[in-house]
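Note sheet for the following structure.
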Amino acid sequence: MATANPEPNLSRCLLAGERFSFKNAVSENGTQCHLTLSANGSTLLPMRIPSQGWSKEEVFQKLEDARKADLAWRGGKAFAYVYDGGAEIEEVAKKAYASFLTENGLDPTSFPSLLRFENELVDMARTHLNGPEEVRGSFTSGGTESIILALKAARDLAREQRGITAPEVIVPVTAHAAFHKAGHYLGIKIRTTGVDAQSFRADVAEMAAAINDQTIMLVGSASGYAHGVIDPIAEIAALAAERGLLCHVDGCIGGFLLPYFERLGAKIAPFDFRVPGVTSMSMDFHKYALAPKGASVVLYRNDDLRRPQFYACASWAGYTMINPTIQSSKSGGPLAAAWAVLNYVGDSGYLEIARKLLEAKNALVAGIRKIPGLTVMGDPEMSLIAFTSETVPVFPIADAMKKRGFYIQPQLAYGPSRENLHLTIQPSNVPWVEELLRCLAESVEEAKAGRAAYEEAKATGALFAEQLAGPNAVAMLPGLVASLGVGGGGAMPSNMADINALLNALPRPIQEKLLVFFASMLFTPQREG
Ligand SMILES: *Cc1c(COP(=O)(O)O)cnc(C)c1O
């Protein structure tokens with residue numbers, strides 16, 4: 001257990017000598033503890049490839065040892081990051097993955113098995129999303145890659161057909177960060193527009209007003225990640241069609257599950273290829289299709305829209321190179337595993353899983369609404385719930401839940417969305433619904449009791465935020481990150497509420513810079529013992 005310098009040095013780097021202390025950072029034994037680090041990621045000596053290889057037993061033992069501090073998802077109390085369909089699905093996924101691990105998707109003519117899996121999976125996605133015969137697509141490594149590719153295809157098409165050199169894509173503020181990342185990578189300006197402050201659905205009038213002669217695409221989510229609500233897709237797509245623009249529907253998280261919810265009688269407005277004007281969609285298999293990570297699909301209404309996604313290079317001395325997606329050499333594992341899982345679970349299997357998820361979602365929404373002080377944000381159609389409070393600080397609730405074995409995700413304030421906590425309900429969570437609600441009510445009381453201390457931390461955060469808005473902000477960041485308790489090699493602070501309060505108070509550009517320093521420190525081997 002490595003313990004960082006217990007003297008927080010925020011004061012030194014920021015407040016010129018004034019002692020910094022988050023008052024509520026008190027451990028169970030009463031000592032100031034927000035700098036307590038877990039040393040699981042630490043690497044004390046410079047690492048070299050071992051001169052003699054280890055035995056298999058040793059390798060596997062070390063792998064198991066390494067995961068001891070990881071998020072304990074197998075218990076079913078993690079409402080984020082994993083989509084756990086249970087032991088049978090896991091077995092099928094692992095066998096299929098391992099069995100195609102070494103096959104290379106680089107050349108589909110050498111591995112027709114992979115070509116077949118991909119064509120079949122893409123067609124299953126097409127029929128699932130009510131796409132006509134002409135719909136074409138690609139299997140990708142994840143939602144982010146699917147979104148990057150949809151924007152890349154749109155950019156290149158607009159350059160060719162309309163001569164657009166400074167392309168812009170309009171996304172609601174609730175759209176996934178992947179659109180901003182795509183814009184950053186591709187040189188596309190991402191123009192954000194507002195959402196209704198109650199429903200968190202895209203304001204289509206604002207999207208219309210944001211269109212200019214460089215606009216190439218409008219985006220809607222079905223559903224968004226943050227609040228689990230579906231944008232008015234029919235209106236967005238109609239607007240796009242009327243103005244001669246492309247329209248992408250981000251179904252990364254909702255695309256697979258929502259059709260089942262619809263079949264189970266939930267009120268889901270059409271969001272897929274049935275909607276005229278929808279020109280492309282993204283849908284992840286590695287979320288609610290329960291496939292292992294590295295599995296998503298991007299679909300286009302026809303081949304003309306898909307072709308600009310592909311990249312061929314004949315300007316080099318090596319093999320013939322044509323890459324439909326971003327990766328070049330790629331393992332057949334994720335593709336074979338996704339193919340295996342979809343065929344193993346089958347439509348009736350997914351429908352049953354969806355039934356339990358829908359019931360769990362409805363029970364959680366109703367249960368959270370009954371806890372005094374908590375508000376469910378919007379009216380989520382998806383099995384994703386964001387809840388907030390105007391009377392209780394929410395980030396300490398997440399820490400209190402963690403003590404009770406539940407992992408729930410803090411979300412910072414952005415636009416009309418105040419800071420909140422997020423539940424991604426996945427199959428293994430279902431038996432925990434009642435217990436979660438019970439613990440949540442307790443955690444709210446606990447957070448209420450710690451309110452004064454938290455407010456102080458927040459005020460300190462706001463003070464730092466002010467300093468960080470100054471000209472020396474970037475120079476201050478490394479010291480700030482260190483003082484928050486982040487050590488090299490993945491050492492993490494134990495009290496996240498204060499850190500989230502601080503992040504929440506920072507101007508967004510500064511927050512992004514801070515996060516980069518934070519990640520840089522995480523991905524640095526720790527040297528000091
Ligand atoms: C998860 C998600 C993405 C990004 O997908 P990754 O697989 O994490 O790259 C995009 N959009 C939505 C709505 C998502 O939930």
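In this text the structure is predicted, and so the values were computed from the model without any measurement. As the structure lists them, so they are numbered: ligands from 1, and atoms in each ligand from 1.
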Less than 4.0 Å between a side-chain N and a carboxylate O, is that true for D379 and R369?
-> yes
Take the angle between the ring planes of Y350 and F256 and call it parallel below 30°, perpendicular above 60°, tilted in between.
-> perpendicular
Are Y81 and Y407 near enough that their ring centres are under 6.0 Å apart?
-> yes
Considering only NZ, NE, NH1 and NH2 on the basic side and carboxylate oxygens on the acidic side, decide whether K356 and E359 come within less than 4.0 Å.
-> no
F111-F100 aromatic ring centre distance below 6.0 Å = no
Is V249 close to D272 at the side-chain level, that is, under 4.5 Å between some pair of heavy atoms?
-> no
Could you list, one pair per line, each nitrogen or oxygen of ligand 1 together with any protein nitrogen or oxygen closer than 3.5 Å, giving atom names and the distance rounded to 0.1 Å?
| from | atom 1 | to | atom 2 | distance (Å) |
| --- | --- | --- | --- | --- |
| ligand 1 | 5 (O) | D284 | OD2 | 3.4 |
| ligand 1 | 5 (O) | K287 | NZ | 3.3 |
| ligand 1 | 7 (O) | G143 | N | 2.9 |
| ligand 1 | 7 (O) | D284 | OD2 | 3.3 |
| ligand 1 | 7 (O) | H286 | NE2 | 2.7 |
| ligand 1 | 9 (O) | G143 | N | 3.4 |
| ligand 1 | 9 (O) | T144 | N | 2.7 |
| ligand 1 | 9 (O) | T144 | OG1 | 2.5 |
| ligand 1 | 11 (N) | D250 | OD1 | 3.4 |
| ligand 1 | 11 (N) | D250 | OD2 | 2.6 |
| ligand 1 | 15 (O) | K287 | NZ | 3.1 |

